[in-house]
Amino acid sequence: MLLKSVLYASLCAGISMASPLTFILGKGEQECFYTLTPDIDCEISYYFAVQHADNNDYKLNYDIYGPDSSGKAIISRSGERQGEWTFIGDSKGEYSFCFDNPSQYSERVVDLEIKYKCDRQGPIDVKRANRKQERNIPLKRGDGTSSEGGMSEQLHRSLDDKLDVIERQLYILERNMDYYSTRNERNHYTVSSTERRITMFSIYGILLIVGMSLGQILVLKWIFKESRRQQV
C-alpha cells in the first residue's frame, strides 16, 4: 500500500519550510512524502530517525527523486536507521522522499522533517550569479568571437557544475565521517561497559562459588557432629 503525503511550500523568499511529523511504516510497505521548491538551487535538508520497531529491527531503505529524475533516484540508501543530510536542488519543482520497509514482520515508527531554503533576496553566490548572467548573453552564430565566447561559457558552466558536485560529495563525506565517528564512540563505550560487567559478574561468580563451598563445609561439619552425639 502506497501512502502519499504532500508537504507544500511557502512561496515567500528567504524563508525556510519545515514540517516535522511522525508516521508508521507498515510491514513491507512504502510511503512517500513530497516537497515543492519554488526556485532552483534551493538548499533542501531532511532528517529522519526510526524511533520504534518490532524485534529491534530498525533499518529501512529510502530513495529521493527530483523533478526531472525520470524515475531514477538522485539519492538512494539502504539499511539506514537514521539520516540527516543537505543537498542542493538544481531544479525547481517537486522532490519526493520515499521510505521502504524491507521487513515483512515488523512495523517502523519514524520521525521525519523536511525543509528547504531559497535565498532569493539574501546574499548572492557570485559563482551562481555569474553563471546566470552568462546564460543571458545572446550569441550570434555568424560571429567567431561569439562562438569562442559560447565555448568558453559552456566550459565555465561545466566546471561550475563539476565543482558543485564535488562540493556536495565532500559535504556528504564529512557528514558520513561525523556519523561513523559518533558510532565508533558509542560502540567503544558499549564494549567498555560490557567488559566492566563481565569483570564484575566474574568476581560475583567466584565469590558465590567460595561462599557455597564454605557453606557446604559448615553444613557437613554440623551433620557429622549431630550424628556423633546421637551415637553416644
Atom NE2 of His188 and atom OG1 of Thr190: how far apart are they, to the nearest 0.5 Å? 10.0 Å
One pair to check against side-chain hydrogen bond (donor to acceptor under 3.5 Å, both in side chains): Asp100 and Gln30. What are the steps and the verdict? CA-CA 4 Å; Asp100 177 53; Gln30 184 186 67; 5.0 Å; no
Could you tell me which residues satisfy ring-ring contact (aromatic ring centres under 6.0 Å, His included) with Phe48, sequence neighbours excluded, listed by chain and number? Tyr62, Phe99
Ignoring hydrogens and angles, state whether a donor on the side chain of Gln51 or Asp111 is under 3.5 Å from an acceptor on the partner side chain. yes
Measure the CE-OG1 distance between Met177 and Thr182 for me, rounded to the nearest 0.5 Å. 11.0 Å
For residues Asn61 and Lys59, determine if any side-chain heavy atom of one lies less than 4.5 Å from a side-chain heavy atom of the other. no
Please round to the nearest 0.5 Å and tell me the distance separating atom SG of Cys42 and atom NZ of Lys92. 10.0 Å
Sequence neighbours excluded, the answer for salt bridge (Lys or Arg N to Asp or Glu O under 4.0 Å) partners of Glu80 is none
Are Ile74 and Tyr47 in one and the same hydrophobic cluster, where Ile, Leu, Val, Met, Phe, Trp and Tyr link if side-chain heavy atoms are under 4.5 Å apart? no
Side chain proximity check, Tyr58 to Ser106, heavy atoms < 4.5 angstrom: no
Looking only at heavy atoms, what is the nearest atom pair of Ile24 and Glu107, with distance? CG2-OE1, 3.8 Å
Let me confirm one number: the CD-OG1 distance from Glu94 to Thr37, rounded to the nearest 0.5 Å. 9.5 Å
Answer yes or no: is there a side-chain heavy-atom contact under 4.5 Å between Val110 and Thr22? no
Quick check: do Phe97 and Asp63 have side-chain heavy atoms less than 4.5 Å from each other? no
Interatomic distance, Cys32 atom SG to Ile64 atom CD1 [nearest 0.5 angstrom]: 11.0 Å
Pairs flagged by disulfide (SG to SG under 2.5 Å) wherever residues 166-221 is involved - sequence neighbours left out: none
Measure the acute angle between the ring planes of Tyr46 and Phe87, then classify it against the limits of 30° and 60° as parallel, tilted or perpendicular. perpendicular
Considering all heavy atoms of both residues, which atom of His52 and which atom of Asp54 are nearest to each other, and what is their separation? NE2-OD1, 3.7 Å
So do Ile88 and Glu43 actually touch side chain to side chain, heavy atoms under 4.5 Å? yes
Side chain to side chain donor-acceptor pair (under 3.5 Å) partners of Asp68, counting only residues at least two apart: Ser91
Nearest 0.5 angstrom please: Leu208 CG to Ile203 CD1, how far? 13.5 Å
Keeping the roles fixed (side chain from Thr199, backbone from Glu195), state whether a donor-acceptor pair exists under 3.5 Å. yes
Close aromatic pair by centroid cut-off 6.0 Å: Tyr95 and Tyr65: no
Side-chain (Ser45) to main-chain (Thr86) donor-acceptor, under 3.5 angstrom: no
Cys118 and Pro38: which non-hydrogen atoms are nearest, and at how many Å? SG-CD, 4.0 Å
Got Tyr189 and Asn187 here, is their nearest side-chain heavy-atom distance under 4.5 Å? no
All salt bridge (Lys or Arg N to Asp or Glu O under 4.0 Å) counterparts of Asp90, not counting sequence neighbours: Arg168
May I ask whether Trp85 and Leu170 are part of the same hydrophobic cluster, defined by side-chain heavy atoms of I, L, V, M, F, W, Y residues being less than 4.5 angstrom apart, directly or through others? no
Contacts of Asp57 meeting salt bridge (Lys or Arg N to Asp or Glu O under 4.0 Å) (sequence neighbours excluded), chain-then-number -> Arg108
